[in-house]
Undergrad: 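Questions regarding the structure given below will be posed in turn.
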Amino acid sequence: MISEALQRARDFEKTHIPLVAEELPKFHVTGGVGWINDPNGFALYQGEYHLFYQYYPYETKWGPMHWGHVKTKDFIHWERIPAALAPDCAFDKDGCFSGGAVEMPDGRHLLMYTGVRTECRENGETETVQTQCIAIGDGVNYEKYAGNPVIGSEAVPEGGSTTDFRDPHIWREDGRYYVVVGNRPADGSGAILLYQSEDAIHWEFVSQLDACRNEYGKMWECPDFFPLDGQHVLLVSPQDMQAIGREFHPGNANVCILGTYDRERHQLLREHIQAIDYGLDFYAPQTLETMDGRRVMIGWMQNWETSGHVPAGQRFMGQMTIPRELTIRNGRLCQNPVRELEGCRGAKAAHQNVLVTGETSLEGVWGRFLDLTVTVRPEEGAELYRWFQIDVARDGERKTSIRFTPADCLICVDRTQSGLSWDMLHVREFPVSAGAESGQLKLQLILDQYSLEIFVNDGEQAASNVIYTPLEAQDICFSCGGAARVDVEQYVLEVD
Ligand code: FRU
């Protein structure tokens, strides 16, 4: 049964998405029209990778949350599927918030999401209640379970908030379903709760997998939990983070915890904590395991602080990162663009061992749909350079710059002059891991119409940034305070 609210969204998509198609990024997922935030239900289903997202089709701002839907075979070409969920039941009347998806043993597709409802108390106060709900379908149409919620307020451990109880991430293991859910425990910060079930309908609380204890922000949103390269990884997106050095920026941040999963006590024993992404725009990532065993992550490439500013005339707001393959190297989470992106490599321009002193541009190195790798090293016999900079999407007035200063091992991304008309959150600095003080650095830049994603030293770090620079700004320029040598390899990305 398709409700009136869902049918309205689907009708709206049919008439409006074709109007916007030309304005969209080439290989980054958007809603096609309207607003999107978190990725949802990113999982394999019957041989294809499905991705849902927080979605409000009617405006370019957040509104009553629906789930939009796309699917792909290669993480580059995405097929649009009609919206999957609308807030149309008593248990989710104020929003179908984030969640996950899993293939059931009988071949059906199960979505688990947070149903949000506001209730009026006897004393006249209103209270928001968040519970976990399911909907089951065939990859296109989904029927919400009549007995929703399947994890209600009574299943929150003592002292936990029933208002901040959201973003279930579900998986199957050893014949059972498991789900991790974000919650605000009695100390007012964040915790990740683990539940298990035989049938995805009757759930039992298992443990508090990990908790923030006011150390890394407050409420932990959008958890994901999975094994990787012999360890376990917990990804969370904390609200109200305080900066910690240059590793974690304030506000809505992102945290990766690597550790060992104690399967008896169902707790994550922490071994290493780091940011997931160091850019201006990254939140609420989800992962899946591919058919050939890779762990692939996708995140919302936006931040809540600047999400209210939509460039004049733009008819969509919000996009996803390029999907990224995750690995653990030297005890750190590493990420690289999915290898399928290499299949889009077209015309090549390459330059070896170029001396950069002042401003330098290189033949054939320019454009806005690019995969550009730059390897920098100090000039032999010269003093270590003070800084090295790459400007992209540049013309006489506009540019976005990436500046590396080896003395303090920092990379600074600055989009102040990228063509924006508001003044907030345009610069982010982050530390490059050890070794960079020698002046050796490798950067891979992925440019699409509205974004610049940076991968440092073969994926040791990533930094995702939205830019709204008009497409005419196509120049790329290298400059150096001192003298450096560079190798440059550029491919134009062609996505049909
Ligand atoms: C994170 C988040 C989630 C919530 C969703 C609502 O960006 O706040 O916690 O489920 O967005 O759209």
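Remember, predicted model here, so these are calculated numbers, not experimental data. Hydrogens, waters and symmetry mates are skipped; everything else that's a heavy atom, side chains included, is used. Remember, it's 1-based here, ligands and their atoms both numbered in the order they're listed. Positions are given from 1 along the sequence.
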Undergrad: Return the closest protein heavy atom for atom 1 (C) of ligand 1 as residue, atom name and distance.
TA: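 For atom 1 (C) of ligand 1, the nearest protein heavy atom comes out as D38 OD2, 3.0 Å.
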Undergrad: Is ligand 1 under 4.0 Å from a heavy atom in the side chain of S98, in the backbone, in both, or in neither?
TA: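 Looking at S98 and ligand 1, atoms from backbone and side chain both fall under 4.0 Å.
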Undergrad: In terms of residue, atom name and distance, what is the protein heavy atom nearest to atom 10 (O) of ligand 1?
TA: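 For atom 10 (O) of ligand 1, the nearest protein heavy atom is D167 OD1, 2.5 Å.
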Undergrad: Give the residue, atom name and distance (to 0.1 Å) of the protein heavy atom nearest atom 8 (O) of ligand 1.
TA: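 I find the closest protein heavy atom is E221 OE2, 3.0 Å.
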Undergrad: For residues W304 and W62, determine if any side-chain heavy atom of one lies less than 4.5 Å from a side-chain heavy atom of the other.
TA: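 Yes. Closest side-chain heavy atoms under 4.5 Å.
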Undergrad: Got the closest protein heavy atom to atom 6 (C) of ligand 1, with its distance?
TA: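 Atom 6 (C) of ligand 1 sits closest to the protein heavy atom Q54 OE1, 3.2 Å.
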Undergrad: Should the proximity of T114 to ligand 1, defined as any heavy atom under 4.0 Å, be assigned to the side chain, the backbone, both, or neither?
TA: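 Answer for T114: neither.
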Undergrad: Per the side-chain hydrogen bond (donor to acceptor under 3.5 Å, both in side chains) rule, what does the pair list look like for residues 309-321, sequence neighbours excluded?
TA: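 Non-adjacent pairs meeting side-chain hydrogen bond (donor to acceptor under 3.5 Å, both in side chains): E23-R315.
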Undergrad: How are the rings of Y56 and Y58 set to each other: parallel, tilted or perpendicular (split at 30° and 60°)?
TA: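 Plane angle over 60°, so perpendicular.
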Undergrad: Heavy atoms only, cut-off 4.0 Å: how does Y283 contact ligand 1, side chain, backbone, both, or neither?
TA: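 The answer is the side chain of Y283.
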Undergrad: Taking side chain as C-beta onward, heavy atoms only, is R121 less than 4.5 Å from E119?
TA: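 SC-SC contact between R121 and E119 confirmed.
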Undergrad: Mind checking whether H426 and W422 have parallel, tilted or perpendicular rings, split at 30° and 60°?
TA: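 Rings of H426 and W422: tilted, as their planes differ by 30° to 60°.
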Undergrad: Based purely on interatomic distance, does R166 place a nitrogen or oxygen under 3.5 Å from a nitrogen or oxygen of ligand 1?
TA: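 N/O-N/O distance under 3.5 Å: yes.
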Undergrad: Quick one: does D262's side chain have a donor or acceptor within less than 3.5 Å of a partner on R265's backbone?
TA: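 Side chain of D262 to backbone of R265: a pair is present.
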Undergrad: Under 4.0 Å from a heavy atom of M65: which atoms of ligand 1 are those, numbered in the order shown and with their elements?
TA: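 It comes down to these atoms of ligand 1: 12 (O).
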Undergrad: Looking at side-chain heavy atoms only, is the closest gap between I136 and E143 below 4.5 Å?
TA: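 No, side chains not in contact.
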Undergrad: Counting each atom of ligand 1 from 1 as listed, which ones have a heavy atom of W62 under 4.0 Å away?
TA: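 Heavy-atom distances to W62 below 4.0 Å select 6 (C), 12 (O).
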